[in-house]
2 protein chains.
Amino acid sequence: MAAPQPKYDVFQAIADPTRRQLLSLLSEQEMPVTSISRHFPMSRTAVSKHLRILAEAGLVKDRKVGRETRYRLESEPLQELKRWLSYYERFWDNKLAMLKHFVESDSTDEAERYGKLEVLKSDHND
Amino acid sequence: MAAPQPKYDVFQAIADPTRRQLLSLLSEQEMPVTSISRHFPMSRTAVSKHLRILAEAGLVKDRKVGRETRYRLESEPLQELKRWLSYYERFWDNKLAMLKHFVESDSTDEAERYGKLEVLKSDHND
DNA sequence: CAAAAGCGAAACCAAAAGGTTTCGCATTAT
DNA sequence: ATAATGCGAAACCTTTTGGTTTCGCTTTTG
């Protein structure tokens, strides 16, 4: 019944610089593990592990071709990141939204201002 | 002489769910540490540490007001994320770019296809 | 068919991450 | 003045992360 619940989410997956380079590399073309690992100063096994993490986050797909496993970029999951980011964009480039924000924050006492209100209800977190 | 070299970059900073919630919370309003920590199921000290990490990544600023330290969102550094992301957007919503991609990948032998070429020259990694 | 190439799994390790509790120090309230 | 609030620093602990080496299995090459 439980959903597949991928162990790694996109945010975690792209947190590591090596994994971001992997995405960059694979965005150019599909590539087998050994070839990929030639671009990195670490063992093939280490690279393989990073690839698995990316795969769990859905950011790469692999397919077996003969004895090799070729990986390719799968960028769709990055849309989640884009969505998350879009919430914050208004804070740096939407002057009107900023203004609205300031206008709305002028009321009441500390309890109400800093209390545990409905603040985390929206889902632009996680 | 050495540049400040922040220990935490934006990618790392937002990798943790708690820290994303912190950003969300602070996007609503400036808030002192204790009030912030009431929103989380962990000690004030733990929250404080997360705030420091966000601060090192430039995602929050703090100012002392009497005995309290108030934190507020600073969204500018997220632009780096947006830039990084923009590189990958073409892979999911730009059909022409995709086509171009396919058209260009049909040549040559393994060495040239998978070798250590100019692949990592651009800086949309890191 | 024997040797080599391509990978993943496993066992292991050091360092980083995410928490906790305790303490001390300013600042504000009684 | 004393007590209470608000915080950060420090010491400590456990789990996760990022890496290594070794082994074994499959597939290709000679």
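Throughout, a chain's letter reflects where its sequence line sits, starting with A, and its residues are numbered from 1. On a predicted model such as this, the values are computed, not experimentally measured, just so you know.
- B:E74 is not listed as a side-chain neighbour of B:L59, based on a closest heavy-atom distance of 4.5 Å or more.
- Close to D:dC7, at under 4.0 Å from its OP1 or OP2, lies a side-chain N or O of B:T34.
- Computed from coordinates, the A:D9 CG to D:dT16 P distance equals 15 Å when rounded to whole Å.
- Here D:dG8 presents its P atom at 13 Å from CG of B:L54, a figure rounded to the nearest Å.
- No donor-acceptor contact under 3.5 angstrom links the side chains of A:S24 and B:Y87, judged on distance only.
- Rounded to whole angstrom, the span from the CZ atom of B:R63 across to the P atom of D:dG6 amounts to 16 Å.
- Judged by atom type and distance alone, B:K49 reaches the base of C:dG19 through a side-chain donor-acceptor pair under 3.5 Å.
- Looking at A:R67, its side chain has no donor and acceptor atom pair within 3.5 Å of the base of D:dT26.
- Looking at A:R44 and A:V33, their side chains come closer than 4.5 Å, going by heavy atoms from C-beta outward.
- Along DNA chain D, the nucleotide closest to A:V65 and the one closest to A:R44 are compared, and the more 5′ of them pairs with A:R44.
- Taking 4.5 Å as the limit, some side-chain heavy atom of A:E80 sits within range of a side-chain heavy atom of A:V10.
- A sub-4.0 Å separation between OP1 or OP2 of C:dG8 and a side-chain N or O of A:S48 is present.
- In this structure, A:Y71 and A:E30 have side chains that are not in contact, with every pair of non-hydrogen atoms separated by 4.5 Å or more.
- Between the side chain of A:R70 and the base of C:dG6 there is no donor-acceptor pair of N/O atoms closer than 3.5 Å.
- Atom P of nucleotide C:dG18 and atom CE of B:M42 are separated by 10 Å, given to the nearest angstrom.
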Output a table of nitrogen or oxygen pairs between the protein and nucleotides 15-17 of chain C separated by less than 3.5 Å.
unit_1: C:dA17; atom_1: OP1; unit_2: B:Q12; atom_2: NE2; d: 3.1
unit_1: C:dA17; atom_1: OP2; unit_2: B:Y8; atom_2: OH; d: 3.3

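- In this structure, the side chains of B:L22 and B:V47 come closer than 4.5 Å at one or more pairs of heavy atoms.
- Between A:L51 atom CG and D:dT17 atom P the separation is 17 Å, expressed in whole Å.
- In this model, the phosphate group of C:dG19 is approached by a side-chain N or O of B:H50 to a distance below 4.0 Å at OP1 or OP2.
- Separating the CE atom of B:M31 from the C1' atom of D:dG6 is a distance of 16 Å, rounded to the nearest angstrom.
- Close to C:dG19, at under 4.0 Å from its OP1 or OP2, lies no side-chain N or O of B:S43.
- Within the 4.0 angstrom heavy-atom criterion, no nucleotide atom of any strand lies near A:K64.
- Interatomic distance, B:L73 CG to A:W92 CH2, rounded to the nearest 0.5 Å: 10.0 Å.
- Comparing C:dG8, D:dC7, D:dA9 by their nearest atom to the side chain of A:V33 picks out C:dG8.
- Note: CZ (B:F11) to P (D:dT17) measures 19 Å, nearest angstrom.
- Relative to the side chain of B:E68, the nucleotides C:dG8, D:dA10, D:dG6 differ in distance, and D:dG6 lies closest.
- Comparing D:dG19, C:dA9, D:dG8 by their closest approach to the side chain of B:Y71 singles out D:dG8.
- For the pair A:D62 CG and C:dC7 P, the interatomic distance rounds to 11 Å; values are reported in whole Å.
- Within the 4.5 Å cutoff, the side chain of A:L26 has heavy atoms near those of the A:M31 side chain.
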